[in-house]
Amino acid sequence: MEEADEALQSMEIPVPTDASAVFCNEFQSLANEDSVARMVSSQREILAALVSAREGMTNFNEHATHKFGAMSASLLHYTKLMKEMKEDLDYVFKKIRVVSTRLQQAVNTQDSS
């Protein structure tokens, strides 16, 4: 046992002399290699999940853009058709009001005579 202690003492570990080396040595002694390895591993897993999510969002955006382009022309056509139908209905209801007014006047003139 004493031989091992003497061997350790004979292996002189260089003592850092500058502040940055002291800081680095102290900082390394704070971090456990296993916990650092776990952090790196979980960061890699998170990165893989984020890359996968980004790919999914990119695919969805491309699909939505394609579908919007396909539906845009159709939507424009139906919007134009609805405006034309509204104009036609407005014209029809105007004519109905004119006919109704004439009938009302005709009924009133027959009643008064």
Side-chain angles (χ1 to χ4, degrees):
M1 191 78 128
E2 290 178 17
E3 291 176 12
D5 288 337
E6 288 176 22
L8 283 175
Q9 289 175 358
S10 67
M11 296 175 46
E12 293 182 19
I13 299 173
V15 178
T17 55
D18 61 339
S20 63
V22 172
F23 175 78
C24 287
N25 285 338
E26 289 298 318
F27 191 75
Q28 284 178 344
S29 69
L30 293 176
N32 180 336
E33 279 189 39
D34 290 337
S35 33
V36 171
R38 279 183 293 190
M39 284 189 283
V40 169
S41 174
S42 63
Q43 286 178 347
R44 286 187 179 138
E45 290 173 9
I46 291 170
L47 177 63
L50 290 174
V51 166
S52 175
R54 185 185 69 198
E55 288 174 6
M57 292 300 291
T58 301
N59 290 339
F60 174 78
N61 285 338
E62 289 173 1
H63 177 73
T65 301
H66 175 72
K67 289 297 182 182
F68 178 75
M71 294 302 296
S72 180
S74 178
L75 181 64
L76 183 62
H77 169 73
Y78 286 120
T79 302
K80 183 179 176 183
L81 181 65
M82 288 177 68
K83 286 181 181 179
E84 290 175 359
M85 288 172 62
K86 183 188 180 310
E87 290 174 3
D88 292 345
L89 285 171
D90 287 343
Y91 178 77
V92 167
F93 284 123
K94 181 179 176 184
K95 287 295 182 182
I96 289 173
R97 281 193 293 277
V98 168
V99 169
S100 176
T101 304
R102 286 185 185 165
L103 282 174
Q104 189 66 31
Q105 288 174 352
V107 169
N108 286 342
T109 56
Q110 282 184 353
D111 286 342
S112 58
S113 29

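Being a predicted model, the structure only gives us computed values, none of them experimental.
- Contact annotation: the side chain of Leu81 approaches that of Met85 to within less than 4.5 Å [non-hydrogen atoms, C-beta and beyond].
- Applying the side-chain hydrogen bond (donor to acceptor under 3.5 Å, both in side chains) test to Ser20 and every residue at least two apart in sequence or in another chain returns Asp18.
- Leu103 forms part of a hydrophobic cluster together with Val99, judged by ILVMFWY side-chain heavy-atom separations under 4.5 Å.
- Every pair tested for side chain to side chain donor-acceptor pair (under 3.5 Å) that includes a residue from residues 46-69 fails, sequence neighbours excluded, so the list is empty.
- Under the 4.5 angstrom side-chain criterion for Ile, Leu, Val, Met, Phe, Trp and Tyr, Val107 has no cluster partners at all.
- Applying the side-chain contact (heavy atoms from CB on, under 4.5 Å) rule to Ser74 yields the partners Tyr78; only residues at least two apart in sequence or on another chain are considered.
- In this structure a side-chain-to-backbone donor-acceptor pair under 3.5 Å is missing from Ser41 to Ala37.
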Pair Gln104-Asn108, side chain to side chain contact (heavy atoms under 4.5 Å, CB included): steps then yes or no: CA-CA 6 Å; Gln104 189 66 31; Asn108 286 342; 3.8 Å; yes
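- Taking Ile, Leu, Val, Met, Phe, Trp and Tyr as hydrophobic and joining them when side-chain heavy atoms fall under 4.5 Å apart, one finds Val92 in a cluster with Leu89, Phe93, Ile96.
- For residues 70-86, every residue pair satisfying the salt bridge (charged side-chain N to carboxylate O under 4.0 Å, His left out) rule, not counting sequence neighbours, is listed here: Lys86-Asp90.
- Through side-chain heavy atoms spaced under 4.5 Å, either directly or across other Ile, Leu, Val, Met, Phe, Trp or Tyr residues, Leu50 is tied to Ile46.
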